[in-house]
Amino acid sequence: YRHLTQESLADLGLDPEDEVIEGKTFIKNDFMLTYRATPDALLRNNPDVCFEFKRRQYEMSKNYGEEMTDEVMPQEYDQVQWHMLLSGCKVCFVGVFFKGTDGLKWWRVERDEERIREIESEVLSFWSLLATGVVPPLDNTKGMLKRLKSIEERDASRRPFTEEEWGWAKLHHRIKQ
């Protein structure tokens, strides 16, 4: 991914002479917690930029907006905001390789101070809840509702195997072994 990113720097509006390097882990110690983030790649000479890479099934491309916008999946948006909080970066480029395509597609996410404050305010309560072993409740954010609808549609499209199909699946499993 770093090699493909190096080839894409000019297309992303970045200095093509800069060097894409492996990401590093940024750590912040806070009350009872140690926060960490590891962007997938950085630029050697530009501390304002980080990169995050994803590999997705082609059908997941519908969960993204126009390329070079910040319309990535909600969990990715929050992940790169966290990267930017801890790294000090001002922009994160999200490169997604969709299975069945021939290269990375790019989205550009700017640092969002308001969202970072929201995430920071929830971090302690989130980890405190997880420590109890209780699953956090679902929220009604637009991203969560869209994801739940997608899962519901996928599940509704499934059907049970017939006995004959189960036989084929077992035979195929034995042959593979």
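Counting from 1, the numbers follow the sequence of the chain as shown. Values reported hereafter were calculated over all heavy atoms of this structure, with side chains retained and with hydrogens, waters and symmetry mates removed.
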Minimum-distance pair of heavy atoms, taken over all atoms of [X] and [Y]:
{"X": "Trp106", "Y": "Ser8", "result": "NE1-OG, 3.5 Å"}
{"X": "Leu9", "Y": "Pro16", "result": "CB-CA, 3.9 Å"}
{"X": "Arg55", "Y": "Tyr1", "result": "CB-OH, 3.4 Å"}
{"X": "Arg115", "Y": "Glu118", "result": "NH1-OE1, 2.8 Å"}
{"X": "Asp40", "Y": "Phe53", "result": "OD2-N, 2.8 Å"}

Can you tell me if [X] and [Y] form a side-chain donor-acceptor pair at under 3.5 Å?
{"X": "Asn45", "Y": "Asp18", "value": "yes"}
{"X": "Gln6", "Y": "Glu19", "value": "no"}
{"X": "Ser150", "Y": "Glu153", "value": "no"}

Under 4.5 Å between side-chain heavy atoms, counting indirect links through other Ile/Leu/Val/Met/Phe/Trp/Tyr residues: same cluster for [X] and [Y] or not?
{"X": "Phe26", "Y": "Val123", "answer": "yes"}
{"X": "Leu42", "Y": "Val91", "answer": "no"}
{"X": "Leu12", "Y": "Leu43", "answer": "yes"}
{"X": "Met68", "Y": "Leu4", "answer": "yes"}
{"X": "Leu171", "Y": "Phe161", "answer": "no"}

Does the side chain of [Y] come within less than 4.5 Å of [X]'s, by heavy atoms?
{"X": "Val94", "Y": "Tyr77", "value": "no"}
{"X": "Cys89", "Y": "Asp48", "value": "no"}
{"X": "His172", "Y": "Ile175", "value": "no"}
{"X": "Pro39", "Y": "Phe51", "value": "no"}
{"X": "Thr38", "Y": "Lys24", "value": "no"}
{"X": "Met84", "Y": "Gln79", "value": "no"}
{"X": "Val80", "Y": "Arg111", "value": "no"}
{"X": "Leu104", "Y": "Thr5", "value": "yes"}

### Query
Does the pair Leu33 and Lys28 meet the rule for a side chain to side chain contact (heavy atoms under 4.5 Å, CB included), with working shown?
CA-CA 9 Å; Leu33 290 174; Lys28 173 186 171 189; over 6 Å; no
### Query
Would Lys90 and Val49 satisfy side chain to side chain contact (heavy atoms under 4.5 Å, CB included), going step by step from the backbone distance to the final call?
CA-CA 6 Å; Lys90 295 178 181 157; Val49 176; over 6 Å; no
### Glu52 (side chain) donor-acceptor with Glu76 (main chain) under 3.5 angstrom
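Flag not set: sc Glu52 to bb Glu76 has no pair under 3.5 Å.
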### Task
For the pair Glu165 (side chain) and Thr162 (backbone), establish whether a donor and an acceptor sit closer than 3.5 Å, ignoring hydrogens and angles.
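Checking the backbone N and O of Thr162 against the side chain of Glu165, a donor-acceptor pair under 3.5 Å is found.
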### Message
Please determine whether side chain to side chain donor-acceptor pair (under 3.5 Å) holds for the pair Thr69 and Glu66, giving the CA-CA distance in whole Å, both sets of side-chain angles, and the decisive distance to 0.1 Å.
### Response
CA-CA 6 Å; Thr69 67; Glu66 292 293 316; over 6 Å; no
Pairwise distance [atom1]([X]) to [atom2]([Y]) - rounded to 0.5 angstrom:
{"X": "Arg44", "Y": "Glu17", "atom1": "CZ", "atom2": "CD", "result": "14.0 Å"}
{"X": "Ser61", "Y": "Glu67", "atom1": "OG", "atom2": "CD", "result": "10.0 Å"}
{"X": "Lys105", "Y": "Phe98", "atom1": "NZ", "atom2": "CZ", "result": "8.0 Å"}
{"X": "Ile27", "Y": "Leu86", "atom1": "CD1", "atom2": "CG", "result": "9.5 Å"}
{"X": "Trp107", "Y": "Cys92", "atom1": "CH2", "atom2": "SG", "result": "13.0 Å"}
{"X": "Leu85", "Y": "Asp112", "atom1": "CG", "atom2": "CG", "result": "11.5 Å"}

#### Entry: Electrostatic pair Glu152-Arg154, nearest N-O below 4.0 angstrom
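Salt bridge absent between Glu152 and Arg154.
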### Message
Regarding Glu7 and Arg2, does a basic nitrogen lie under 4.0 Å from an acidic carboxylate oxygen?
### Response
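Looking at Glu7 and Arg2, the cut-off is not met.
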#### Entry: Verdict with supporting geometry, Glu114 and Arg117, salt bridge (charged side-chain N to carboxylate O under 4.0 Å, His left out)
CA-CA 5 Å; Glu114 182 178 338; Arg117 281 190 299 278; 5.3 Å; no
### Task
Indicate, with yes or no, if the rings of Trp82 and Tyr35 have centres closer together than 6.0 Å.
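Yes, they do, as the ring centres are separated by less than 6.0 Å.
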#### Entry: Stepwise side chain to side chain contact (heavy atoms under 4.5 Å, CB included) test for Met60 and Val96
CA-CA 10 Å; Met60 290 185 77; Val96 184; over 6 Å; no
### Message
Taking side chain to side chain donor-acceptor pair (under 3.5 Å) as the criterion, tell me which of Lys54, Arg56, Glu71 meets it with Tyr64.
### Response
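The single option meeting the side chain to side chain donor-acceptor pair (under 3.5 Å) with Tyr64 is Arg56.
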### Query
So does Lys99 have more than 12 non-hydrogen atoms from other groups sitting under 6.0 Å from NZ?
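Not buried by this count: 12 neighbours or fewer within 6.0 Å.
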